[in-house]
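In the text below, chain A, chain B and the rest are named by the order of the sequence lines, each starting its count at 1.
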There are 2 protein chains.
Amino acid sequence: MVNESVWLRPARRERRPLTLDRIVAEAVALLDEEGEARLTMRRLAERLGTGSTTLYWHVKTKDDVLDLALDAVFGEVPLPAAGAWRERAAALVTGWRAALLRHPWSTGLLDRPLMGPNALERTEFLYATLAGAGFGGADLPAAAFSLSTFVTGSATMQARDPAGDGAAVAGRLLAHREAYPVLAAHGLDPDWDAVFARGLAYLLDGMAARTQP
Amino acid sequence: MVNESVWLRPARRERRPLTLDRIVAEAVALLDEEGEARLTMRRLAERLGTGSTTLYWHVKTKDDVLDLALDAVFGEVPLPAAGAWRERAAALVTGWRAALLRHPWSTGLLDRPLMGPNALERTEFLYATLAGAGFGGADLPAAAFSLSTFVTGSATMQARDPAGDGAAVAGRLLAHREAYPVLAAHGLDPDWDAVFARGLAYLLDGMAARTQP
DNA sequence: ACCTGAACACCGTTCAAGT
DNA sequence: ACCTGAACACCGTTCAAGT
């Protein structure tokens, strides 16, 4: 019969099979475009051409999707190949910050255990770099945690600032100039790159001085 | 008529009027006891003896409740009265960390603008302390942001670690010991207080060296 | 000014059923 | 092994109505 012709049958919307990788990639795209509040199992499934309940064969919960999306961001952080320990640590940490800021929603997920393979690989790299530089005993975890804490904290702080213009904060501060005089005079619209670079220098200087006197 | 007697009328469940302060205090208590996932407008209202829709006269959205709860935590951070700049900064930052860790859910809210009066007062205090110590120009915002970033980041990192025993992370690491050898050997179950103290010393050392040569 | 109840447009997740 | 639809037990929020 004519109406069984290939051309008349509704085309399969999606030929590619649904995989975990496709789900994670689409979740990252959705988060990039619309932010965390709009990430819904139903909306995510819709973008993939299925129903929301289909996702649950590939994934146990929505939290899984978020964990995987976050680790995908960590996967974008390059591992610097060579250099002295200080340059390698600085390069790692700078690339780490850039990846987080490319996906500002990621800073809202930095509570929750970072146990994905990409996150662990970067942490291991940091530990290995510092251990190789002579950090030992209590200085090794202290140095490693200080650096990673500094990255995640400063990316969060910057992502918090809407569109980098500091308009909202500025308005609130200027309205209460007398209550926050120093902050209003010097804390508006900081140059985030410069703040990060200088803060990192403080930290690395302090680390170097304590372990290599 | 007998059934209009006071004793037979149902008692008013709550005599105290509903105020913003009561709502915020109850939200903090609920978050402390059950965590962020269980904070619901309906559950919060139930604890206050009303319906969820009543809350919306006092508050515009649920986000308002979270913003107010977070700023209540900042309100617990004492402002150190005296001392040299380094001791004052260290005391502020140590109390800040303690307040966040007393309410571990707060670290999950540290994305979002910190524009509550309590948060701004602490930030202003930090700026004023550093400005008084001679930090000027680009060093002032860099020093202030470095310190606050370090606090929020390290509290987040510690709150992430379940119950402080590091069991979950340890299990994952030990299962892949060959992939993460340095981390598995030195990064398990850190002494968080020691890590924080040493990291803070790195940072303050670096700051002091750059501005007061 | 403050509180209430009903209702709307959603959620995440389960599960029996299909191929 | 993989996908689907119906259904459950919730959500945040609005709004007309009460006092």
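- In this structure, C/dC8 and D/dG12 make a Watson-Crick or G-U wobble pair, each of the two defining distances being under 3.5 angstrom.
- If you check C/dA17 for Watson-Crick or wobble pairing at under 3.5 angstrom, you find it has no partner at all.
- Using a distance-only test at 3.5 Å, with no hydrogens or angles considered, no donor-acceptor pair links the side chain of A/R47 to the main chain of A/R43.
- For the pair B/E36 CD and D/dG12 P, the interatomic distance rounds to 11 Å; values are reported in whole Å.
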> Can A/R112 and A/D63 be said to form a salt bridge (charged side-chain N to carboxylate O under 4.0 Å, His left out), step by step?
Replying inline: CA-CA 10 Å; A/R112 74 174 65 213; A/D63 264 337; 3.4 Å; yes
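- When rounded to the nearest whole Å, the span between CH2 of B/W57 and P of C/dC2 equals 4 Å.
- Along DNA chain C, the nucleotide nearest to A/R42 and the one nearest to B/L18 differ in position, and the one closer to the 5' end is contacted by B/L18.
- Side-chain N/O atoms of A/H58 include none lying less than 4.0 angstrom from OP1 or OP2 on D/dA1.
- For the residue pair A/Y56 / A/D64, no side-chain donor-acceptor distance below 3.5 Å is found, with atom types taken as modelled.
- When distances are taken from the side chain of A/T53 to each of D/dT13, D/dC3, D/dG5, the shortest belongs to D/dG5.
- At the phosphate of C/dC11, OP1 or OP2 sits under 4.0 Å from a side-chain N or O atom of A/T40.
- Residue whose closest nucleotide on DNA chain D sits further toward the 5' end, between B/K60 and B/R43: B/R43.
- A straight line from CD1 of B/I23 to C1' of C/dC3 spans 12 Å, rounded to a whole angstrom.
- In this structure, the CD atom of B/E46 is 13 Å from the P atom of C/dT4, given to the nearest Å.
- When rounded to the nearest whole Å, the span between CZ of B/R38 and P of C/dC11 equals 22 Å.
- Judged purely by atom type and a 3.5 angstrom limit, B/R22 uses its side chain to pair as donor or acceptor with the backbone of B/P17.
- Summarising the geometry, the separation between OH on A/Y56 and P on D/dA6 is reported as 18 Å, rounded to the nearest angstrom.
- Rounding to whole angstrom units, CE of residue A/M41 and P of C/dC10 are separated by 18 Å.
- In this structure, B/K62 atom NZ and D/dT14 atom C1' are separated by 17 Å, rounded to whole Å.
- Taking the six-membered ring where the residue is Trp, the centroids of A/F145 and B/F196 are separated by 6.0 Å or more.
- The shortest distance between the side-chain N/O atoms of A/T54 and the OP1/OP2 oxygens of D/dT4 is below 4.0 Å.
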